[in-house]
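Residues: numbered from 1 along the sequence shown.
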Amino acid sequence: MKPNITHLAPYLPYGLKWKFDGEDFTHDIVGLDITNRGVKLVSPYNDYGDCEISSGKPLLLPMSSLYTEMEDGTVPIVELAKIAFPKNKFELNRSGCWFGAEKFIYSEATNSFRTLHEDGGCFSQGSEVINQLTLFTYLFPHHFDVYNLIPQNLAIDKTKYK
């Protein structure tokens, strides 16, 4: 798979960063178009330019970062649980995000959010959360790798970039 404009467009309003191989600094993506030079950039020196999508990579957070505390003190999986189940109170511990006997998770296998039900130390499959679109809408402004680009070497893991 090659990255294309549809992989970048949902992130556009949210200050996505772009990096070229061999450069130490990042650029801000300020626009996209369907031409060969589809990525419109502003450099750290406030120069405007453009490039082909294949000539650089966006900086994104892996989905595993959903369980990590962010700079603002929030944990994304808990914030997503609050969106999915607004009337419940959640706890976060080493094994995940819980409300009662329900565990709220992101499943990489199905690319969806779901609950698992614990009964005597065993988990039943639970159910897929109904409003997936609302949850994925949270992921774009926070730069999560929704399209699984990092493992394909089409994006840079933001947690490993300094």
Any non-hydrogen side-chain atom of [X] less than 4.5 Å from a side-chain atom of [Y]?
{"X": "Lys57", "Y": "Lys19", "answer": "no"}
{"X": "Trp98", "Y": "Phe90", "answer": "no"}
{"X": "Val146", "Y": "Pro10", "answer": "no"}
{"X": "Asp157", "Y": "Leu60", "answer": "no"}
{"X": "Pro58", "Y": "Ile156", "answer": "no"}
{"X": "Leu66", "Y": "Leu80", "answer": "yes"}

Is the side chain of [X] donor-acceptor paired with the backbone N or O of [Y] at a distance under 3.5 Å, no angle test?
{"X": "Thr74", "Y": "Pro76", "result": "no"}
{"X": "Glu91", "Y": "Phe99", "result": "no"}
{"X": "Thr137", "Y": "Leu133", "result": "yes"}
{"X": "Asp145", "Y": "Leu61", "result": "no"}
{"X": "Ser43", "Y": "Asp47", "result": "yes"}

Would you please say whether a donor-acceptor pair under 3.5 Å links the side chains of Lys17 and His27?
no

Would you confirm whether the ring centroid of His142 sits within less than 6.0 angstrom of the ring centroid of Tyr14?
no

Ring centre gap for Phe144 and Phe136 strictly below 6.0 Å
no

Can you see which heavy atom on Phe25 is nearest to which on Pro44, and at what distance?
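Scanning both residues completely, I find the closest heavy atoms to be CD1-CG, 3.2 Å.
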
Kindly give the heavy-atom pair with the smallest separation between Gly56 and Trp18, and that separation in Å.
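Heavy-atom minimum between the residues: C-CZ2, 3.3 Å.
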
Give the intermediate values and the outcome of side chain to side chain donor-acceptor pair (under 3.5 Å) for residues Ser65 and Thr68.
CA-CA 5 Å; Ser65 293; Thr68 305; 4.8 Å; no

Any chance you could measure [X], atom [atom1], to [Y], atom [atom2], to the nearest 0.5 Å?
{"X": "Ile29", "Y": "Leu59", "atom1": "CD1", "atom2": "CG", "value": "9.5 Å"}
{"X": "Gln132", "Y": "Arg114", "atom1": "CD", "atom2": "CZ", "value": "8.5 Å"}
{"X": "Glu79", "Y": "Met70", "atom1": "CD", "atom2": "CE", "value": "10.5 Å"}
{"X": "Thr6", "Y": "Tyr147", "atom1": "OG1", "atom2": "OH", "value": "6.0 Å"}
{"X": "Phe20", "Y": "Asp24", "atom1": "CZ", "atom2": "CG", "value": "14.0 Å"}

Is it possible for you to say whether [X] and [Y] belong to one hydrophobic cluster, with membership spreading through side-chain heavy-atom contacts below 4.5 Å?
{"X": "Phe85", "Y": "Phe113", "result": "yes"}
{"X": "Ile34", "Y": "Leu41", "result": "yes"}
{"X": "Val42", "Y": "Leu12", "result": "no"}

Candidate pair Val129 and Ser112, rule side chain to side chain contact (heavy atoms under 4.5 Å, CB included), full reasoning
CA-CA 8 Å; Val129 175; Ser112 65; over 6 Å; no

Let's go through Lys40 and Leu32 carefully: what are the C-alpha distance in whole Å and the side-chain angles of both, what is the deciding distance for side chain to side chain contact (heavy atoms under 4.5 Å, CB included) to 0.1 Å, and is it a yes or a no?
CA-CA 6 Å; Lys40 307 302 177 194; Leu32 299 169; over 6 Å; no

Using the six-membered ring wherever Trp is involved, compare the ring planes of Phe140 and Tyr11 and label them parallel, tilted or perpendicular (cut-offs 30° and 60°).
perpendicular

Test side chain to side chain contact (heavy atoms under 4.5 Å, CB included) on Phe104 and Leu116; report intermediate values, then the result.
CA-CA 7 Å; Phe104 180 72; Leu116 300 176; over 6 Å; no

Matching residue for Met63 among Ile77, Asn148, Leu139 - test: side-chain contact (heavy atoms from CB on, under 4.5 Å)
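In the set Ile77, Asn148, Leu139, the residue that makes a side-chain contact (heavy atoms from CB on, under 4.5 Å) with Met63 is Leu139.
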
Worked verdict on Tyr138 versus Ile83 for side chain to side chain contact (heavy atoms under 4.5 Å, CB included):
CA-CA 9 Å; Tyr138 172 94; Ile83 294 167; 4.0 Å; yes

